[in-house]
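Contents: one structure, followed by commentary.
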Amino acid sequence: TLADLAASLGRLDPVTLVAAFGLYAAGLGLLSARWHALARMAGGTAPPPVSAEVFLTSVVVNYAAPIGLAVPTRAALSKRDLGLSVSGSGALVLWEALLDLGTLALVGGAWLLLGGAGAVAVLAEQ
């Protein structure tokens with residue numbers, strides 16, 4: 001309930017809360033910088049703040065709209081606002097997805113190698 005949510009918010013450690021918000025903001029900053037770098041590689045000409053605006057707008061769309069609209073929104077905004085062609089915008093979205101999948105595969109593989117396999121085995125037993 002909302003009362004439970006309010007009560008749990010009151011028990012949060014302020015330092016942890018500030019750290020969590022800071023890490024989230026830093027993560028969005030890094031993702032925006034990555035988006036800008038990829039846009040430049042694809043032939044985009046916009047400055048970093050415009051690239052960040054495109055990326056962050058698509059993040060907001062991802063939270064506000066049904067699943068699956070963030071990527072097309074990001075591609076459309078990239079074409080319009082970053083000076084990309086249709087093929088450049090598509091390449092940008094594809095490269096982002098490949099980087100995400102590659103990073104997840106590396107992190108997941110490292111986790112399994114460093115002891116995560118044991119945790120999977122415990123979960124499988126339950």
Side-chain angles (χ1 to χ4, degrees):
T1 66
L2 290 177
D4 293 335
L5 179 63
S8 68
L9 287 174
R11 292 189 301 267
L12 287 175
D13 174 36
V15 173
T16 303
L17 190 60
V18 168
F21 279 118
L23 287 171
Y24 185 73
L28 287 176
L30 286 172
L31 289 171
S32 294
R34 179 184 75 169
W35 186 257
H36 177 68
L38 289 171
R40 299 289 294 197
M41 289 170 50
T45 58
V50 176
S51 294
E53 180 182 2
V54 166
F55 179 80
L56 294 172
T57 299
S58 71
V59 170
V60 170
V61 167
N62 189 44
Y63 284 119
I67 295 174
L69 287 181
V71 173
T73 299
R74 199 172 298 157
L77 290 173
S78 294
K79 181 185 176 307
R80 186 188 77 185
D81 295 343
L82 303 182
L84 292 171
S85 65
V86 173
S87 61
S89 180
L92 174 57
V93 169
L94 178 63
W95 271 108
E96 183 198 26
L98 291 173
L99 285 172
D100 284 348
L101 290 173
T103 301
L104 288 171
L106 287 173
V107 170
W111 178 77
L112 287 171
L113 290 173
L114 296 173
V120 172
V122 168
L123 289 173
E125 293 173 3
Q126 295 179 355

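Taking all atoms of both residues into account, the shortest heavy-atom contact from N62 to A70 is CB-CB, 3.5 Å. The heavy-atom pair separating L82 from S51 by the smallest distance is CD2-OG, 3.6 Å. In this structure, H36 and A46 approach most closely via the heavy-atom pair CE1-O, 3.1 Å. When all heavy atoms of V54 and R74 are compared, the pair lying nearest together is CG1-O, 4.0 Å. In terms of heavy-atom proximity, V50 sits nearest to D81 at CG1-O, 3.7 Å.
A chain of hydrophobic side-chain contacts below 4.5 Å, direct or via other Ile, Leu, Val, Met, Phe, Trp or Tyr residues, connects L9 to L17. Residues Y63 and L28 fall within the same hydrophobic cluster, defined by Ile, Leu, Val, Met, Phe, Trp and Tyr side chains chained together at heavy-atom separations under 4.5 Å. Connection of V93 to M41 is established within a shared hydrophobic cluster, with ILVMFWY side chains joined at heavy-atom distances below 4.5 Å, either directly or through further cluster members. Linking Ile, Leu, Val, Met, Phe, Trp and Tyr residues whenever their side-chain heavy atoms come within less than 4.5 Å places L12 and F21 in a single cluster. One hydrophobic cluster, built from ILVMFWY side chains closer than 4.5 Å, cannot hold both F55 and V60; they sit in different ones.
Side-chain contact between V59 and L31 is absent, with no heavy-atom pair separated by less than 4.5 Å. Side-chain contact between W35 and L56 is absent, with no heavy-atom pair separated by less than 4.5 Å. Between L92 and S89, every side-chain heavy-atom pair lies at or beyond the 4.5 Å cut-off. At least one side-chain heavy atom of E96 sits less than 4.5 Å from a side-chain heavy atom of L38.
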